[in-house]
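Quick one: structure below, then a few questions.
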Amino acid sequence: MAKRDFYEVLGVSKTADADELKRAYRKLAMSHHPDRNPGDKSAEQKFKEINEAYDILKDDQKRAAYDRYGHAAFENGGRGPGDFGFGGGFSGGFADIFEEMFGAMGAGRRSQAGPARGSDLRYNLEVSLEDAFKGKQTTIRVATFAHCDTCQGTGAEPGTRPISCRTCHGHGRVRAQQGFFTIERTCPTCHGNGQTIEKPCKSCGGQGRVRKEKTLSVNIPPGVEDGTRIRLAGEGEVGPHGAPPGDLYIFVSLAPHSIFQRDGANIYCRVPIPFTTAALGGAIEVPTVDGGRTRVTVPAGTQYGHQFRLRGKGMPVLRSAARGDMYIQAVIETPVNLTKRQQELLREFEKAGEKEKTNPESEGFFARVKEFFEDLRE
C-alpha cells in the first residue's frame, strides 16, 4: 500500500510552521497512543505513521528533501520506515547523506588522495623589554613529531613499500549508491591515504614519524610587542605516512620591567622627585630604555603626576625606523624622618605662606568643599 503524504498524516498544510506541526503531532499522538488504545493494531499503526511524519517534517533539512523528492528520498535502497524508530533519530543512510553534502562543503574536500597535513604547534616565548627594544636571535627547543629515519617517513619496513589500497584503488575515497544519491566517503581501509602498509616499520609502528625534540633559531625583531605571533612555516608536526608538516607559531610575551612600563611604542617611567626640587625647580637624570641617560629640567612648582615628554626616546615601531616617546611621570616625594630643626623650618615655611597662597590647589579644593556644605544647609 502506498504511503500517505506526511502533511496529510498530520493534518496540516505544506506551509505549516514548526509550532503548527508540534501542536498537530501532540494532539494526534495523544489520541492514538498505544497506552490509550490497548490491543488496537490500527491505532498502533497510526501512531507509528504519525511519529514517522513528524520526525521528517520537524527537521528543516529532512523536510526540504521530502518536499523535493517525496518518500523516495528516505527509501535508501529498500530501507523502510521501520529504520526511523520513535526516538526522532535518523538511522540508515540519509544522515550520512547530509553529513557528506553539508559537512564536506563546510570543511572542504581533498582533491586527491593522501595523508593529512601535520598539526600546527604553539610555543610561548617570554622576552625582556631590552630584547624587545634591540631585537634578538635566540634558540628554542620544541618537542614535535619528525620523519622516522628508519623508514624515511613511509611507515613501511625498510626494503618494502606501501601498496595501493585494494578497497579504493589508490583514490582515498569510495562511492556508494543510496537512493537518488551517490555518496562519496573517505576510504575506511586506508583512511584517505590511498595506500596501505603490509609490513609496518618497527621504529615508528607504521606511522612514518617519531617523537623528537628539535632546536630552532628564532629572530625577535626590534619593537616586537606583547602578543606578537611569529610563524615558522613547516616547523610544526610532521604528518603521518610522509605527510607535510604543519607550522610553528611563537607567541611573544614581555616580561615585567622594574623601571619602565610599555604602552605600544611609548615608554612610561615613574620618577620620584624630592619635595624641594619640585618646589624650587632643578634637574634630574633619568635612564632611557636604550640603556642611556638623559637630563630633565624640573620647573619650580611641579605637581604630583605631571608628565615630561621625551620625543623619540620610546620603543622602535615594528618594521619601521620610527620610535615612540618616553613619558616621565613626576612622583613628588614627601620628606620622612625629619629632625627637630627641619620640622621647625617647615612650620615657619607654612606660617610664612598663609598670606602668600602658596598652595592654590588645596586652597581651591577646600573652598569648594565649604560651598558644598553651605548649599546643603540652605
- Query: Can you name the nearest heavy-atom pair linking A265 to V317, along with the distance?
  - Reply: CB-CG2, 4.1 Å
- Message: Please give me the minimum heavy-atom distance between A330 and Q303, naming the atom from each residue.
- Response: CB-O, 4.0 Å
- Report whether F133 and I230 are members of the same hydrophobic cluster (ILVMFWY, side-chain heavy atoms less than 4.5 Å apart, transitive linking). yes
- Backbone N/O of D40 and side chain of N37: donor-acceptor pair under 3.5 Å: no
- Message: Assess, by modelled atom type and distance only, whether the side chains of H32 and Q45 contain a donor and an acceptor separated by less than 3.5 Å.
- Response: no
- Shortest non-hydrogen contact between A243 and H147, atoms and distance: O-CE1, 4.0 Å
- Note on the structure: Residues at least two apart in sequence or cross-chain that pass side chain to side chain contact (heavy atoms under 4.5 Å, CB included) with T154, listed by chain then number, are C151, A156, P162
- Roughly how far, to the nearest 0.5 Å, is NE2 of H171 from CD of E184? 10.0 Å
- State which residues pass side chain to side chain donor-acceptor pair (under 3.5 Å) with S217; sequence neighbours excluded, sorted by chain then number. Q137
- Message: If hydrophobic clusters are built from ILVMFWY residues whose side chains come within less than 4.5 Å, do L318 and V127 share one?
- Response: no
- Message: The criterion is side chain to side chain contact (heavy atoms under 4.5 Å, CB included); which residues satisfy it with R161, sequence neighbours excluded?
- Response: none
- Flag side-chain contact, heavy atom, 4.5 Å: T302 against F308: yes
N/O donor-acceptor pairs under 3.5 Å from side chains in residues 218-228, not counting sequence neighbours:
from : atom 1 : to   : atom 2 : distance (Å)
D226 : OD1    : L254 : N      : 2.8
T228 : OG1    : E225 : N      : 3.1
T228 : OG1    : E225 : O      : 2.8

- Query: Are Y304 and V331 close enough that some pair of their side-chain heavy atoms sits under 4.5 Å apart?
  - Reply: yes
- Message: When you group the ILVMFWY residues by side-chain heavy-atom contacts below 4.5 Å and let the links chain together, are M30 and Y54 in the same group?
- Response: no
- Item | Minimum heavy-atom distance between G194 and C168, given as atom pair plus value | CA-SG, 4.3 Å
- Residues in side chain to side chain contact (heavy atoms under 4.5 Å, CB included) contact with T339, at least two apart in sequence or another chain: R341, Q342
- Query: According to a 4.5 Å side-chain heavy-atom criterion applied to Ile, Leu, Val, Met, Phe, Trp and Tyr, with indirect links allowed, do V298 and Y327 form part of one hydrophobic cluster?
  - Reply: no
- Distance col, row L10:CG vs K27:NZ, nearest 0.5 angstrom, shows 12.5 Å
- Item | Pairs satisfying side chain to side chain donor-acceptor pair (under 3.5 Å), at least one member in residues 313-325, at least two apart | R309-D325
- Non-neighbouring partners of S203 that pass side chain to side chain contact (heavy atoms under 4.5 Å, CB included), sequence neighbours left out: C148, T150, C201
- Approximate separation, where rounding is to 0.5 Å, of K46 NZ and R4 CZ: 7.5 Å
- Are V238 and V142 connected, step by step, through hydrophobic side chains (Ile, Leu, Val, Met, Phe, Trp, Tyr) whose heavy atoms are closer than 4.5 Å? no
- Item | Pairs meeting criterion ring-ring contact (aromatic ring centres under 6.0 Å, His included) with involvement of residues 4-24, two or more places apart | F6-Y66, F6-H71
- S128 side, atom OG; K134 side, atom NZ - distance, nearest 0.5 Å: 8.5 Å
- Note on the structure: Rounded to the nearest 0.5 Å, the CG atom of L232 sits from the CG atom of L248 at a distance of 5.0 Å
- Message: Apply the hydrophobic cluster definition, ILVMFWY joined by side-chain contacts under 4.5 Å directly or through others, and give me every member besides F251.
- Response: Y249
- Note on the structure: Looking only at heavy atoms, the pair that brings P299 and T297 closest together is CD-O, 3.5 Å
Give the table of side-chain donor-acceptor pairs shorter than 3.5 Å for residues 267-289, with sequence neighbours excluded, one pair per line with atom names and distance.
from : atom 1 : to   : atom 2 : distance (Å)
T288 : OG1    : D290 : OD1    : 2.5
T288 : OG1    : G292 : N      : 3.2
T288 : OG1    : G292 : O      : 3.2

- Item | CZ-OG1 distance between R166 and T196, expressed to the nearest 0.5 angstrom | 6.0 Å
- Task: Could you check if a side-chain atom of I163 sits within less than 4.5 angstrom of a side-chain atom of E198, using non-hydrogen atoms only?
- Result: yes
- Query: Side chain of H241, backbone of G206: donor and acceptor closer than 3.5 Å?
  - Reply: yes
- Message: Is there a side chain to side chain contact (heavy atoms under 4.5 Å, CB included) between D55 and K62? Walk through the geometry before answering.
- Response: CA-CA 9 Å; D55 179 69; K62 300 176 189 178; 4.0 Å; yes
- Query: Side chains of E130 and H257: closer than 4.5 Å at any heavy-atom pair?
  - Reply: yes
- Query: If only atom types and distance count, is the side chain of D120 paired as donor or acceptor with the main-chain N or O of D247 below 3.5 Å?
  - Reply: yes
- Message: Treating N51 as the side-chain partner and F47 as the backbone partner, does any N or O pair qualify as donor plus acceptor under 3.5 Å?
- Response: yes
- Query: Which residue pairs satisfy the side chain to side chain donor-acceptor pair (under 3.5 Å) criterion with at least one member in residues 207-216, sequence neighbours excluded?
  - Reply: R141-E213, R141-T215, D149-K212, K214-E235
Identify all side-chain donor-acceptor contacts of residues 16-23 below 3.5 Å with residues at least two apart in sequence or on another chain.
from : atom 1 : to  : atom 2 : distance (Å)
D17  : OD1    : D19 : N      : 3.3
D17  : OD1    : E20 : N      : 2.9
E20  : OE2    : D17 : N      : 3.3

- Considering only heavy atoms from C-beta outward, does the side chain of L121 approach that of E237 to under 4.5 Å? yes
